[in-house]
Amino acid sequence: MKFGGTSVEDAKAMDRTAAIVGGRRKKGLEAIVVVSAMAKVTDQLLAAAAAAGRGDKSGALAISSRLRNRHIDTATELLDEQRFPALQTAVHQEFDALDDLLRGIAAVGELTARTSDLVVSFGERLSSRMVAAAFDQRGLNGTHVDARTCIITDANYGKAAPQEAAIEAKLTELVLPLIEAGKTPVMGGFIGSTVAGITTTLGRGGSDYTAALVGGGLHAGAIEIWTDVNGIMTTDPRICPDALRVKSISFEEAAELAYFGAKVLHPATILPAVQKSIPVWVLNSRNAENEGTKITAVAPKCKSPFKCIAAKKKLTIIDIVASRMLMSHGYLKAVFDVFDKYKCVIDMVSTSEVSISLSVDSNERLPEICEELSKIADVKMEGKKALICMVGEDIRGHNGIAAQVFTAVSHVNLRMISQGASEINMSFMIDEEDVEEAVRSLHKYFFANPDETIFDVDARVPATSRA
Ligand code: ADP
Ligand code: ASP
Ligand code: MG
């Protein structure tokens with residue numbers, strides 16, 4: 001069971017989390033709990049690290065001090081007099097260590113990726129301790145596990161790759177005995193460590209990934225991702241308030257969706273679960289009775305061509321034009337080798353007689369990439385682009401889908417178009433500023449008459465007129 005930042009954002013949220021886990025235990029199920037940092041804490045830790053890196057010691061310590069107060073206040077509300085002192089001491093010790101670290105970074109005036117991971121790890125280290133203590137007080141036998149003892153990764157700081165065999169061995173050695181002893185292990189998501197014991201992180205949103213690694217590693221019966229929406233929705237409800245809950249979706253569809261911007265799941269989450277055929281659920285910790293979304297191996301048949309619309313912003317399009325060389329042997333390889341060298345992920349590719357257009361979502365190394373590409377071609381970059389991705393396994397069976405999609409967004413300027421080889425997504429690039437308008441138009445067009453076996457249409461009926 002993984003609880004995201006909003007599901008542990010304050011004492012009340014942690015209380016709800018305890019009630020949800022208690023409900024599972026009452027049914028005779030055993031739970032391992034993975035928690036994110038309290039809502040917004042990761043952003044604030046990153047801001048503190050950045051301030052320290054600029055040499056702004058007092059700015060960094062001010063952020064840390066506000067975070068300390070928030071955690072202590074939450075612990076005060078959460079625990080009784082008997083249990084509070086031990087947690088209070090632990091929280092202060094963590095913040096003292098964080099402050100020392102920030103002072104050190106400020107003194108050097110340089111923030112490395114490795115040190116940034118260490119700073120940001122405090123969020124999950126603290127939240128998991130607090131939730132474990134809360135579970136203990138609420139009769140759930142909560143026991144804190146430092147995730148860094150189990151989640152073994154490589155040393156690619158900021159986006160470390162988990163080593164699944166090592167993780168499985170550690171989970172079996174350290175976590176399984178706790179479950180067998182009737183305890184509820186609570187660990188922080190997102191963080192791990194190298195074999196040498198250096199702290200790493202799995203990338204933003206990485207707690208989902210931890211949940212899948214733990215669920216996969218211990219062959220769980222199910223993985224539950226508890227968040228602040230009723231499940232996977234037809235699109236981001238923040239963009240489109242009348243988005244509908246998708247009752248069930250296939251692994252493949254969910255993976256496309258996550259990769260192409262649906263924040264509700266980390267892109268890599270699904271993989272460890274797919275490999276072991278473990279069902280994944282996305283559920284709402286503020287509305288625990290809701291059925292949520294079930295992610296299944298095979299997609300149930302759906303009358304609509306699409307299940308969801310995802311949008312990913314902050315992309316750059318790179319146009320590479322080399323009229324002399326395009327069709328020559330080895331040219332594409334030479335281009336892709338440059339992206340490979342800088343570990344830059346490409347989202348979309350389209351080629352014409354004389355040019356290749358690519359979209360990429362990481363901007364840090366782009367100047368170097370462009371410089372290298374310039375040796376073999378003319379290169380042009382255009383930032384502030386967004387990708388809209390329409391996902392559904394039933395695209396295959398529908399004729400004329402592209403025409404419908406482009407009719408729905410006929411007023412928006414399309415920059416690149418692609419229909420994935422997997423035939424379960426149709427994507428196009430537009431200007432970032434057109435995203436909201438495009439998503440709403442597409443949603444209106446394709447979800448006006450939703451298939452009731454797949455989508456929760458009850459949510460559309462105003463609460464007062466519901467039976
Ligand atoms: P958590 O902290 O629980 O991991 P996140 O903020 O990472 O939560 O993800 C949940 C958010 O994802 C939702 O509040 C919603 O705004 C956003 N989101 C984007 N696309 C979708 C979608 N298709 N379905 C549901 N939520 C989505
Ligand atoms: N706390 C981390 C983040 O905000 C990881 C997570 O919440 O999944 O990115
Ligand atoms: Mg998340």
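Below, all heavy atoms of this structure are taken into account, side chains as well, without hydrogens, waters or symmetry copies.
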Taking only Lys NZ, Arg NE, NH1 and NH2, and the carboxylate oxygens of Asp or Glu, determine whether [X] and [Y] approach each other closer than 4.0 Å.
X    : Y    : answer
K313 : E436 : yes
D43  : K40  : no
D456 : K247 : no
E94  : R125 : yes
D236 : K263 : no
E224 : R24  : yes
E110 : R54  : no
E77  : K12  : yes

Indicate whether the side chain of [X] and that of [Y] have a donor and an acceptor atom separated by less than 3.5 Å.
X    : Y    : result
T172 : E168 : no
N230 : N287 : yes
D117 : T201 : yes

Quick one: closest heavy-atom pair of [X] and [Y], and the distance?
X    : Y    : value
M38  : M130 : SD-CE, 4.4 Å
F455 : L244 : CB-CD1, 4.1 Å
C308 : I232 : SG-CG2, 3.9 Å
F339 : I369 : CE2-CG2, 3.8 Å
L67  : L45  : CD1-CD2, 3.7 Å
I223 : A212 : CD1-CA, 3.8 Å

Main chain of [Y], side chain of [X]: is a donor-acceptor contact present, judged purely on distance under 3.5 Å?
X    : Y    : result
E256 : E253 : no
S193 : R148 : yes
D208 : H266 : yes
T269 : L265 : no
S127 : S36  : yes
S116 : T112 : no
R440 : I239 : yes
S65  : L61  : no
S128 : E124 : yes
D451 : K303 : yes

Nearest 0.5 Å, what's the [atom1]-[atom2] distance between [X] and [Y]?
X    : Y    : atom1 : atom2 : answer
T74  : E9   : OG1   : CD    : 10.0 Å
I167 : I151 : CD1   : CD1   : 4.5 Å
L257 : C389 : CG    : SG    : 7.0 Å
S7   : R286 : OG    : CZ    : 7.5 Å
E393 : S250 : CD    : OG    : 3.5 Å
I309 : S427 : CD1   : OG    : 12.0 Å

Side chains of [X] and [Y]: does their closest heavy-atom pair fall under 4.5 Å?
X    : Y    : result
I395 : F306 : yes
T296 : F251 : no
T234 : V246 : yes
N290 : L283 : no
L78  : F84  : no
T149 : K170 : no
R129 : L87  : yes
I225 : V280 : yes

Next on the checklist: For Y259, does the six-membered ring have the charged nitrogen or CZ of K312 within the cation-pi criterion, i.e. under 6.0 angstrom from the centroid and within 45° of the normal?
Outcome noted: yes

Item to check | R138 to F135, cation-pi by 6.0 Å centre distance and 45° axis angle | outcome: no

Enumerate, atom names and distances included, each donor-acceptor pair closer than 3.5 Å involving a side-chain atom of residues 176-190, sequence neighbours excluded.
from : atom 1 : to   : atom 2 : distance (Å)
T184 : OG1    : R25  : NH1    : 2.7
T184 : OG1    : L140 : O      : 2.6

Checklist entry - Step by step, would you call M348 with S418 a side chain to side chain contact (heavy atoms under 4.5 Å, CB included)? => result CA-CA 7 Å; M348 197 193 269; S418 134; 3.7 Å; yes

Checklist entry - Which is it for K385 and I430 under the side chain to side chain contact (heavy atoms under 4.5 Å, CB included) test, yes or no, and what are the steps along the way? => result CA-CA 6 Å; K385 298 288 172 235; I430 58 177; over 6 Å; no

Next on the checklist: As a quick check of understanding, evaluate salt bridge (charged side-chain N to carboxylate O under 4.0 Å, His left out) for K384 and D431, giving each step before the final call.
Outcome noted: CA-CA 6 Å; K384 296 209 167 117; D431 287 331; over 6 Å; no

Show me the side-chain donor-acceptor pairs of residues 99-109 shorter than 3.5 Å, one per line, residues at least two apart or across chains.
from : atom 1 : to   : atom 2 : distance (Å)
D99  : OD1    : S64  : OG     : 2.5
D99  : OD2    : R68  : NH2    : 3.1
D100 : OD1    : R103 : NH1    : 3.0

Next on the checklist: Can you tell me if K276 has over 12 outside heavy atoms packed within less than 6.0 Å of its NZ?
Outcome noted: yes

Checklist entry - Is the number of heavy atoms from other residues, nucleotides or ligands under 6.0 Å of Q275 CD greater than 12? => result yes

Item to check | Candidate pair Q93 and T89, rule side-chain hydrogen bond (donor to acceptor under 3.5 Å, both in side chains), full reasoning | outcome: CA-CA 6 Å; Q93 271 169 358; T89 307; over 6 Å; no

Checklist entry - When you look at V41 and F122, which way does the side chain to side chain contact (heavy atoms under 4.5 Å, CB included) test go after all the steps? => result CA-CA 9 Å; V41 167; F122 281 88; over 6 Å; no

Next on the checklist: side chain to side chain contact (heavy atoms under 4.5 Å, CB included), that's the test. Do T199 and Y157 meet it? Break it down for me.
Outcome noted: CA-CA 8 Å; T199 298; Y157 301 105; over 6 Å; no

Checklist entry - Should R245 and T293 be marked as a side-chain hydrogen bond (donor to acceptor under 3.5 Å, both in side chains) after you check the CA-CA gap, both sets of side-chain angles, and the distance that decides it? => result CA-CA 7 Å; R245 174 172 63 91; T293 300; 5.5 Å; no

